[in-house]
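Working notes for the structure below.
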Amino acid sequence: MSEKYAIILAAGQGTRMKSKVNKVLQPVCGKAMLAHVVDRIRQAGFAEPIAVIRDKPDQLREYVKDPIHFVTQKEQKGTAHAVMMAEPLLAGKPGVTFVVCGDTPCITVETYKRILQMHEEHQAVATILTSYVKDPTGYGRIIRNEDGYVARIVEHKDATEEERTINEINTATYCFNNEKLFEALKQVDNKNAQGEYYLTDVIEIFQRAGDLIVACPAENEDEIIGVNDRVALAKAQEIMQRQINHSHMMNGVSMINPATTYIGPDVKIGRDTVLYPNTYLDGETVVGEDCVIGPDTQLRDTRVADGVIVERSVVLESEIMEDAKVGPFSYIRPGSQVGPRAKIGDFVELKKTIVGEGTKVPHLSYVGDTTIGQFSNIGCGVISVNYDGVNKHRTVIGDHAFIGCNSNLVAPVQVGDHAYVAAGSTVTEDVPTEALAIARARQVNKEGYVPKLMSKHGKEQNK
Ligand code: UD1
Ligand code: CA
């Protein structure tokens, strides 16, 4: 197999985006466009793509985690000139080179592989991803010769009336014979309507040399979308969301309404899991098998084991272990872990809190900086008082403990195994194993108090 190189063009202005940030850093499904292109190109077998950018590789590096080379093109003199920026790295090397744009994030791995396959089958010098579109205005048109191969590409601004009626367009995604590409680029000039060095001009140079150029039409018009403005950005978001959801469904995940199910590109989901509407799974979230997630739920950078139910809740940077149940209306903040078969119920907030196996925090609680053992029961309205106004402190609750309703656990404090805390207590001292803590004022009943009060104020008591 020949060496595979890839060049990603990303030095264009992107002025129509009207943004402070580089266009290719705009997110689609939560990830920068450039990172999608790099990721997909790599999955298609291209190890370390070269991105041609305007300046500031440091800013871009933060967004692209995969290995990538950056070369800068200081002046934007056209797409051929941009590819030339990779000449010192690639010229003269045998192999194939993909040239793709940084603003077409929706081209699939399958499409990249299909282009490569076609390129090799035909032993072509260039294979162009084309598309038949309803409105070809603005695009370069594909001029085919009698035998169906490509003769040249003519840019819209340079095309005749007749050429403009052609609706097969150049998507600006190509596979080239690497050595021949850099030889041909030397012959490209800028004598055209835009005064630019057109990459598309290499096609005619190949054709004159008698080399084969193949057109590979895209299977659907959607995936070739180029993102130039915010309207196209939203459209790309919709297309990619469909692509991501489609692949999860093909892998055995059910979605009640895919149109309102938002899954990040790096999320993994096990079989037989069901996603209800308005569910957002993003970051590095991993969901196991046989889970039920949603409706109205967000999981970010969270690991969810098999058989978990999360209903109408938000879970951030946390772990939910097998067969646990979360929600409705729970808020689990970073650094928390919900143990196997544990239950976190309505209007419960956890923060940096470990909840042991089978433990229940069913209603109306704030539990922060706390470790709770196994099979404990945290009553309604319990609060871990973790902040003294200066520092945060931890609360530790043992196994099989029972914390009565509406108690405050003033940290740092520990409640031992099998210990009980009476309802309404404000616990400031450790509770030993198997003890009962009652930390509230003893009740006093003042007999006959109400009638005395009424007569004092000269009022009749309603009987
Ligand atoms: C290009 C193609 C056209 C095709 C269209 C598809 C040429 C001459 N034409 O036209 O046939 O139909 O894409 O969208 O190639 N770029 C640089 N440096 C430059 C110029 C461009 O890096 O000096 C990058 C841009 O960031 C962009 C890509 O190259 O990612 C394409 O450039 P753009 O100006 O959008 O090309 P078009 O004129 O639309
Ligand atoms: Ca242009």
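In this text, all values refer to a predicted model and were calculated from it rather than measured experimentally.
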Side-chain heavy-atom pair Y366, V361 within 4.5 angstrom cut-off: no
Kindly indicate whether the side chain of T79, heavy atoms from C-beta on, has any atom under 4.5 Å from the side chain of V99. no
Between G379 and S365, the two heavy atoms sitting closest are O-OG, 3.6 Å
Less than 4.5 Å apart, any side-chain heavy atom of V308 and any of T273? no
Quick one: does H156's side chain have a donor or acceptor within less than 3.5 Å of a partner on G138's backbone? yes
Identify, with sequence neighbours excluded, every residue that meets side-chain contact (heavy atoms from CB on, under 4.5 Å) alongside V274. S254, I256, Y276
Side-chain ion pair, E349 and R333, N-O less than 4.0 Å: yes
Please step through side chain to side chain contact (heavy atoms under 4.5 Å, CB included) for the pair V37 and Y112, ending with a clear verdict. CA-CA 11 Å; V37 176; Y112 286 131; 4.2 Å; yes
Do S384 and N386 have side-chain N/O donor and acceptor atoms under 3.5 Å apart? no
Thinking salt bridges, do K65 and D39 make one under a 4.0 Å N-O criterion? no
Please examine the side chains of F176 and L199, heavy atoms only from C-beta on, and report whether any two atoms are closer than 4.5 Å. yes
Between Y198 and Q194: side-chain donor-acceptor atoms closer than 3.5 Å: yes
Enter the distance from Q374:CD to D417:CG here, rounded to the nearest 0.5 Å. 9.5 Å
Does S2 reach the main-chain N or O of G95 with its side chain, forming a donor-acceptor pair under 3.5 Å? no
Check the pair H81 / Q73 against side chain to side chain donor-acceptor pair (under 3.5 Å), numbers first and verdict last. CA-CA 8 Å; H81 180 254; Q73 183 198 25; 2.8 Å; yes
Any donor-acceptor pair under 3.5 Å linking the side chain of N245 with the backbone of T261? yes
Closest non-hydrogen atom pair between A232 and G226, with its separation: CB-O, 3.9 Å
Side-chain contact test, heavy atoms from C-beta onward, threshold under 4.5 Å: evaluate it for V96 versus H119 and give yes or no. yes
For the pair I378 and I372, evaluate side chain to side chain contact (heavy atoms under 4.5 Å, CB included) and give the outcome as yes or no after the intermediate values. CA-CA 9 Å; I378 310 301; I372 313 174; 4.0 Å; yes
Dump the intermediate steps for salt bridge (Lys or Arg N to Asp or Glu O under 4.0 Å) on D346 and R312, then the final yes or no. CA-CA 9 Å; D346 50 274; R312 295 182 207 272; over 6 Å; no
Just do the side chain to side chain contact (heavy atoms under 4.5 Å, CB included) check on V415 and I403 with the steps written out, would you? CA-CA 9 Å; V415 178; I403 313 296; 4.0 Å; yes
Is there a donor in the side chain of H418 and an acceptor in the side chain of D399, or the other way round, less than 3.5 Å apart? no
Let's go through I263 and H248 carefully: what are the C-alpha distance in whole Å and the side-chain angles of both, what is the deciding distance for side chain to side chain contact (heavy atoms under 4.5 Å, CB included) to 0.1 Å, and is it a yes or a no? CA-CA 9 Å; I263 304 174; H248 285 292; 3.6 Å; yes
For the aromatic rings, using the six-membered ring if either is Trp, is the centroid distance between Y5 and F46 under 6.0 Å? no
Between the side chain of T370 and the main-chain N/O of V367, is any donor-acceptor distance below 3.5 Å? no
Does N377 reach the side chain of T359, with side-chain heavy atoms less than 4.5 Å apart? no
With a 3.5 Å distance limit and no angle check, can you tell me whether S330 reaches the backbone of G345 through a side-chain donor-acceptor pair? yes
Between I169 and P136 the two heavy atoms that sit nearest each other are CG2-CB, 3.6 Å
Would you check if there is a donor-acceptor pair between the side chains of T111 and E223 at a distance under 3.5 Å? yes
Heavy-atom pair of closest approach, residues I397 and S376: CG2-OG, 4.4 Å
I'd like to know whether NZ of K360 has more than 12 heavy-atom contacts from other residues, nucleotides or ligands below 6.0 angstrom. no
Which value, rounded to the nearest 0.5 Å, describes the distance between T97 atom OG1 and E3 atom CD? 10.0 Å
Side chain Q243, main chain C106, donor-acceptor under 3.5 Å: yes
Whether the side chain of T72 engages the backbone of D55 through a donor-acceptor N/O pair (distance < 3.5 Å, no angle test) should be reported. no
Do N170 and Y174 meet the criterion of a side-chain donor-acceptor pair at a distance under 3.5 Å? yes
Heavy-atom closest contact (L436 atom, A422 atom, distance): CD1-N, 3.9 Å
CD1 on I50 to CD1 on I53, rounded to 0.5 Å: 12.5 Å
Correct closest heavy-atom pair for P49 and I68 would be O-CG1, 3.4 Å
Sub-4.5 Å side-chain heavy-atom contact between C29 and I244: yes
Listed partners of P340 passing side-chain contact (heavy atoms from CB on, under 4.5 Å), at least two apart: M321, E322, E357
With rounding to the nearest 0.5 angstrom, report the OG to CD1 distance, S336 to I344. 8.5 Å
So if I apply the salt bridge (charged side-chain N to carboxylate O under 4.0 Å, His left out) rule between K31 and each of D282, D266, D66, which one comes out positive? D266
Pair E221-S131, side chain to side chain donor-acceptor pair (under 3.5 Å): steps then yes or no: CA-CA 6 Å; E221 200 184 317; S131 181; 5.5 Å; no
Is the backbone of E110 close enough, under 3.5 Å, to the side chain of R40 for a donor and an acceptor to pair up by distance? no
Please identify each residue that fulfils side chain to side chain donor-acceptor pair (under 3.5 Å) with E121, with sequence neighbours left out. Q117
Say whether, by atom type as modelled, one donor and one acceptor occur between the side chain of R271 and the main chain of V253 under 3.5 angstrom. no
Here the gap from L89 atom CG to E48 atom CD, rounded to the nearest 0.5 Å, amounts to 10.0 Å
Distance-only polar pair, side chains of T371 and R394, donor-acceptor under 3.5 Å: yes
Could you measure the distance from the NZ atom of K23 to the CG atom of D229? Nearest 0.5 Å is fine. 9.0 Å
Would R114 and E219 pass as an ion pair if we require N to O under 4.0 Å? yes
For residues E179 and K93, determine if any side-chain heavy atom of one lies less than 4.5 Å from a side-chain heavy atom of the other. no
Would you say the side-chain atoms of E317 and T302 include a donor-acceptor pair closer than 3.5 Å? no
CZ/R16: more than 12 non-hydrogen atoms of other groups inside 6.0 Å: no
Okay, side chain of R303, backbone of V286: is any donor-acceptor separation there less than 3.5 Å? no
Between K392 and D369, is there a salt bridge with N-O shorter than 4.0 Å? no
